[in-house]
Undergrad: 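There's a structure below that I have some questions on.
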Amino acid sequence: LEAKNEAQNVIVNTDRFVKQHKSWLSEEQISSIVRLLDELKSSTKGEDKDAINQAMTSLNDYATPLAHEAMDKVIQESLSGQDINSTKVD
């Protein structure tokens, strides 16, 4: 049950990520994410905890570098046009 709940959270967050960042994700990246999401969704229909965990690992291994890239883009956009010396850090 715990693996299924965690998988459900991963599915929701990954869907949200794709919707928020589809403007810069390639078709190949989106296709790979969708395929891995489908595999994870299929695994949650059964009771095999190892299969669920493997599907989550595969999705996370693929999506984590993309999430880092997304964070870099957000930071870059938020700092765009600002003088680094005048940027306040709280």
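From a predicted model like this one, the values you see are computed outputs, not experimental measurements.
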Undergrad: Linking directly or through intermediates, with side-chain heavy atoms under 4.5 Å: list the remaining ILVMFWY members grouped with L1, chain and number order.
TA: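 Once heavy-atom contacts under 4.5 Å are chained together, L1 still belongs with nothing else.
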Undergrad: In Å and rounded to the nearest 0.5 Å, what is the OG1 to CE distance from T14 to M56?
TA: 11.0 Å
Undergrad: Each residue besides V74 in its hydrophobic cluster should be listed here, by chain and number; the cluster joins Ile, Leu, Val, Met, Phe, Trp and Tyr at side-chain heavy-atom distances under 4.5 Å.
TA: none
Undergrad: Do you know the tightest heavy-atom contact between L37 and I11?
TA: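 L37 and I11 have their closest heavy atoms at CD2-CA, 3.9 Å.
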Undergrad: For S58, enumerate each residue passing the side chain to side chain contact (heavy atoms under 4.5 Å, CB included) test, keeping only those at least two apart in sequence or located in another chain.
TA: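 By the side chain to side chain contact (heavy atoms under 4.5 Å, CB included) rule, S58 matches L36, Q54.
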Undergrad: Listing request: all side-chain hydrogen bond (donor to acceptor under 3.5 Å, both in side chains) pairs with a residue in residues 36-45, at least two apart in sequence or in separate chains.
TA: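 Qualifying pairs: R35-E39.
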Undergrad: Sequence neighbours left out, what passes side chain to side chain contact (heavy atoms under 4.5 Å, CB included) with A70? Give chain and number order.
TA: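 A70 satisfies side chain to side chain contact (heavy atoms under 4.5 Å, CB included) with F17, H21, W24 once adjacent residues are dropped.
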Undergrad: Taking only residues two or more places apart in sequence or in another chain, which ones pass side chain to side chain donor-acceptor pair (under 3.5 Å) with S31?
TA: none
Undergrad: For N13, enumerate each residue passing the side chain to side chain donor-acceptor pair (under 3.5 Å) test, keeping only those at least two apart in sequence or located in another chain.
TA: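 For N13 the side chain to side chain donor-acceptor pair (under 3.5 Å) partners, ignoring immediate neighbours, are R16.
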Undergrad: Could you work out, with side chain to side chain contact (heavy atoms under 4.5 Å, CB included) as the rule, every residue matching S23, not counting sequence neighbours?
TA: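 Expected list: none.
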Undergrad: For K22, what residues pass the side chain to side chain contact (heavy atoms under 4.5 Å, CB included) criterion, not counting sequence neighbours?
TA: I30
Undergrad: Mind checking side chain to side chain donor-acceptor pair (under 3.5 Å) for T64 and listing every partner two or more places apart, or none if nothing turns up?
TA: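 Counting only residues at least two positions away or on another chain, T64 forms no side chain to side chain donor-acceptor pair (under 3.5 Å).
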Undergrad: Could you name each residue pair satisfying side-chain hydrogen bond (donor to acceptor under 3.5 Å, both in side chains) that touches residues 1-12, not counting sequence neighbours?
TA: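 Qualifying pairs: K4-E47.
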